[in-house]
Peer 1: 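Can you keep this structure in mind? I'll have questions shortly.
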Amino acid sequence: MQQDPDVIARPPEALIGDLNPQQAEAVQYRGPALLIGAGAGSGKTRVLTRRIAWILTQFGAWPSQVLAITFTNKAAAEMRERLESLIGPVASRMWVSTFHSACVRILRRDGERIGLKSGFTIYDTADCERLIKLIANDFNFDVKRYTPRSILARISDYKNNLTSAREMLAQYAPDFKPGQRGYRVGRIGNPEELYAVVYAEYQHRLAAANAVDFDDLIVRTVELLRACPDVAEYYHRKFRYILVDEYQDTNHAQYVLIRELAGVDAGGHADMGAVGAGRVGPAWITVVGDSDQSIYAFRGADIRNIQDFEQDFPNAKTIMLEQNYRSTQTILDAANAVIAHNEGRKPKRLWTAAGAGEQITAYAADTAQLEAHWIAAQIKRLHTDDGVRYSDIAVMYRANAQSRSLEEGLIQARVPYQLIGGTKFYERREVKDALAYLQAIVNPADDINMRRILNVPKRGLGARAESQVTLHAQQIGGTFWDGVAHADQIEGMTARTLNPLMRFAQMMQELREFAQEHDAKPSQIVAEVLERSGLLEELKKSQDPQDQSRVENLSQLQSVAAEYEQNTPDATLAGFLETTALVADSDQLPDESQDSGKVTLMTLHTAKGLEYPIVFLTGMEQGTFPHARAMEDTSELSEERRLAYVGITRAKRHLFVTRAAVRAQWGRSAEMMPSQFLDEIPADLIDWKRKEAGMERMRSGWRANASHDFGAHGGWNDDEFDAPSSFGGSSYGSRSSYGSGSSYGSRSTYGSGVRGSAAHAGKVTTRRAPVRQPAQPASSLKTDNHLRIEDFAVGDKVTHDKFGLGTVVDAQDKGRNSVITVDFGSSGVKRLMLRVAPIEKL
DNA sequence: GCCAAAAAGTTTTTT
DNA sequence: ACTTTTTGGC
């Protein structure tokens, strides 16, 4: 048996001795296809790295024959690190990377075969949106009705399903030729025609700009492997073992990519008795995932990939890991109870050998500000009284917009924190500007970036000049840059425009030469660009205080380039740009080995894969979490619930759940009902520090006097009398802190009548809660539309606020939780919770 | 072409 | 509430 002499030899016992039987079985399994169903905290990464070491030492594979795929750079880096300590520096010879960077690597090598020149640019979402807007202008369609965002979402769907623009055109607009001017989109006809035309034109322009978007990285790699058998053959021979992490988050394109890379469909069948994957036939595949943690369906992840694994890959074996090494039984019980509410899932129960641990602590605050205040006070207390390190605490939320009030609370309490995510560094205006210069230098055909910098900094080349150049470029059949370079041929151009244009062309030419001479020193190129372009100068002389921090960001960009240069042996400018294009939020998380001394704030999505001794799950309100836009569709609601499951299982020792009764959104305050997920956690696991907010207490008191038939609206009032603090007497934040607690929050935050009348002495609830609809909070979130399931039958027509006209294809009577399934044609088939669906029967 | 003022969009989650 | 885009006057 061959073996790489550089791989540190490990006796088998060292790799499996400390594992439980299922883990050990997963590490050792010999066979063409293995699915490891890894529940949260079940030691997944450990099993994966041990299995790789096992494959190398026991199956006799070479490191270069292994491809391990993760979703984030952080996960890839962590895996590489752990492999290095297991098998030594040879780990660097393995491909351990994300889907996207693996594809970049493949495309850089052979992309020319499908028309991608090697310096290709990767467009981020903002770039893609600009491109769609350009197309929208040329085709003159209604951007209000078809927003660039929604069109891109549609195009992304097509790509995730490997539907080409050509197929779409053939079906909906056979007359359209990409690049053609003056095509009239049928104005009443179906939107599909417009999508098809824009999709095709979008791809056409990406190709002309030698650019790809994120989805293209996967799609075009599949295209390459399918179009060039010799390239596919190369990878079939090369990769004999393929391992995929977070398999539940793969979309169809990624699934096909794996199959193509492994050569599953390329013939040759696996020998079940074999000791290894050998040299021919399909590669051996290991996938790891947990269908309960699938939270990316919104971007095309298809849960069926993991559910159907056994049918998709012949002779597949499944091993379930259900023992959890992370959390207390209390936390796992809560997680199990919540996720059990999802329909149609394979039952699975996490268990632990650790004890019950502390109860879950819960708190209902009056406002988001007070919620933050309470959290900050708890963190302070944990830190000072219990000696908990700040870095052992994480605060999680559903949407980035929630971070602001939490930050303010922590600042007030002087708790150090780090915020992960939000506006990314590389998406800041000034950084994007600088990167646009670099992209335009590497790839002059990149119209989007070239246009972006034409008048940044201001050099007197506005919309007029831009359209003149565009027109000229079209006439000579070249790129935007060609138009700039030959601006002197443009008829009717004034010297006032021509001069700065020529200077711009000259400058770009010189920057290009500079870049070619210093290709291995991206940091020097960055410096030169900042200087020559005048970007830095414009910001430096600006009066706007914001521009000061912009200067700092630009200097940080230079540092990032210098760092890249030091860590990368064969550094190039194009290589640097690649790393900037593929960063994720979680990549900015510091190494867990070092104590940052800070509390971590992040979204639940970013938190996936992480763990903290103390976790705060905030904003547990209907409309916040589950998010309002996910509440009516049962499949989207299931995804929210999985997200709650992910959040709960991040906690090792102590979980806090909090909610606010009033939350400011869109500049207005809205009353929020408690999240249904709180109801789904068994009551005996929760220690409520405060169960009802002041207003709710007051109102439920009124209701109890007025009538007795409110029980149906959720059991939130049952222990109102033994809650720790009585109405109005919260230990934090008195009335006076409403609206003045933060430097941003003006009084108007709470001014929408509610607090205004509260200030005018006790007549609050009569106005707010008229007897007719006492339990209906005056928020935008209706809990009941009073539609009755009996009124709906298969075949009935309905209209939906968002999806338009549809036909009922199924109606299930489940009382309050009745669900109807409606086919909305091009918007798809939706399962809607009848009680909350914004529909009308026709 | 530029700037200030007004209007409109934004808040799902991300490689 | 905040940011981006559009508009209108210079």
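Quick note on labels: first sequence line is chain A, next is B, and so on, each numbered from 1. Predicted, not measured: the structure shown is a model, and the values here were computed from it.
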Peer 1: Does B:dT11 have OP1 or OP2 under 4.0 Å away from a side-chain N or O of A:Arg668?
Peer 2: no
Peer 1: Does B:dT14 have OP1 or OP2 under 4.0 Å away from a side-chain N or O of A:Thr125?
Peer 2: no
Peer 1: Whole Å only: how far is the CZ atom of A:Arg429 from the P atom of C:dT4?
Peer 2: 9 Å
Peer 1: Which is true for A:Phe214 with a 4.0 Å heavy-atom rule: it touches a base, it touches only sugar-phosphate, or it touches nothing?
Peer 2: base
Peer 1: Mind checking what makes salt bridge (charged side-chain N to carboxylate O under 4.0 Å, His left out) contact with A:Arg663, not counting sequence neighbours?
Peer 2: A:Glu371, A:Glu621
Peer 1: Of all the nucleotides listed (B:dT14, B:dT15, C:dC2), which has the minimum atom distance to the side chain of A:Phe298?
Peer 2: B:dT14
Peer 1: How close or far is atom P of B:dT13 from atom CE of A:Met631, stated in whole angstroms?
Peer 2: 18 Å
Peer 1: Answer with base, sugar-phosphate or nothing: what part of the nucleic acid does A:Arg642 contact at a heavy-atom distance below 4.0 Å?
Peer 2: nothing
Peer 1: Base, sugar-phosphate, or nothing: which does A:Phe99 touch, judged by heavy atoms less than 4.0 Å apart?
Peer 2: nothing
Peer 1: What does A:Ser101 touch in the nucleic acid at a heavy-atom separation under 4.0 angstrom: a base, only the sugar-phosphate, or nothing?
Peer 2: nothing
Peer 1: Would you mind telling me which of B:dT14, B:dT10, C:dT5 lies closest to the side-chain atoms of A:Lys133?
Peer 2: C:dT5
Peer 1: Can you identify which nucleotide, out of B:dT11, B:dT15, B:dT13, has its nearest atom closest to the A:Ala401 side chain?
Peer 2: B:dT11
Peer 1: What is the distance from CG of A:Asp216 to C1' of B:dT15, rounded to the nearest Å?
Peer 2: 13 Å
Peer 1: Identify whether the distance between the nearest side-chain nitrogen and carboxylate oxygen of A:Arg154 and A:Asp157 falls below 4.0 Å.
Peer 2: no
Peer 1: Run the salt bridge (Lys or Arg N to Asp or Glu O under 4.0 Å) test on A:Arg550 and A:Asp547 for me, step by step, so that the C-alpha distance in whole Å, both residues' side-chain angles and the decisive distance to 0.1 Å come before the verdict.
Peer 2: CA-CA 5 Å; A:Arg550 295 208 163 105; A:Asp547 286 341; 2.7 Å; yes
Peer 1: Could you tell me if A:Tyr123 and A:Asn449 have a donor-acceptor pair between their side chains, going purely by distance under 3.5 Å?
Peer 2: no
Peer 1: Provide, to the nearest angstrom, the distance between the CD atom belonging to A:Glu639 and the C1' atom belonging to B:dT13.
Peer 2: 8 Å
Peer 1: Can you measure A:Glu246 atom CD to B:dT15 atom C1' for me and round it to whole angstrom units?
Peer 2: 13 Å
Peer 1: Rounded off to whole Å, could you give me the CD-to-C1' distance for the A:Glu578 and B:dT15 pair?
Peer 2: 14 Å
Peer 1: Inspect the contact between A:Arg642 and A:Glu639 and indicate whether a charged nitrogen and a carboxylate oxygen are less than 4.0 angstrom apart.
Peer 2: yes
Peer 1: Expressed as a whole number of angstroms, how long is the span from A:Arg428:CZ to C:dT4:P?
Peer 2: 12 Å
Peer 1: Could you tell me whether A:Phe298 and A:His627 have their ring centroids closer than 6.0 angstrom?
Peer 2: no
Peer 1: Quick one: which residue pairs count as a salt bridge (charged side-chain N to carboxylate O under 4.0 Å, His left out) with a foot in residues 462-471 of chain A, not counting sequence neighbours?
Peer 2: A:Arg451-A:Glu466
Peer 1: Once pairs are restricted to Watson-Crick or G-U wobble with both distances under 3.5 Å, how does DNA chain B read as a dot-bracket string, [ ] for crossings and | for other-strand pairs?
Peer 2: ||||||||||.....
Peer 1: Can you check nucleotides 1-6 of chain B for protein contacts, nitrogen or oxygen pairs under 3.5 Å, and list what you find?
Peer 2:
{"residue": "B:dG1", "atom": "OP1", "partner": "A:Gly462", "partner atom": "N", "Å": "3.3"}
{"residue": "B:dG1", "atom": "OP1", "partner": "A:Ala465", "partner atom": "N", "Å": "3.4"}
{"residue": "B:dG1", "atom": "OP2", "partner": "A:Ala463", "partner atom": "N", "Å": "3.3"}
{"residue": "B:dG1", "atom": "OP2", "partner": "A:Arg464", "partner atom": "N", "Å": "3.3"}

Peer 1: Tell me the interatomic distance from A:Gln402, atom CD, to B:dT10, atom P, rounded to whole angstroms.
Peer 2: 19 Å
Peer 1: With sequence neighbours left out, what residues match A:Asp138 under salt bridge (charged side-chain N to carboxylate O under 4.0 Å, His left out)?
Peer 2: A:Arg181, A:Arg205
Peer 1: Return the set of residues passing salt bridge (charged side-chain N to carboxylate O under 4.0 Å, His left out) with A:Glu246 (not counting sequence neighbours), or none when no residue passes.
Peer 2: A:Lys44, A:Lys608
Peer 1: Side chain of A:His605: nearest nucleotide among B:dT15, C:dT5, B:dT14?
Peer 2: B:dT14
Peer 1: At under 4.0 Å, does any side-chain N or O of A:Thr606 touch on OP1 or OP2 of B:dT14?
Peer 2: yes
Peer 1: State whether a side-chain donor-acceptor pair under 3.5 Å links A:Thr600 with A:Gln418.
Peer 2: yes
Peer 1: Check every atom of B:dT15, C:dC2, B:dT11 against the side chain of A:Arg404 and return the nucleotide holding the closest atom.
Peer 2: C:dC2
Peer 1: Salt bridge check, A:Arg220 against A:Glu223: does any charged N sit closer than 4.0 Å to a carboxylate O?
Peer 2: yes
Peer 1: Is A:Asp215 touching bases, backbone alone, or none of the nucleic acid, heavy atoms closer than 4.0 Å?
Peer 2: nothing
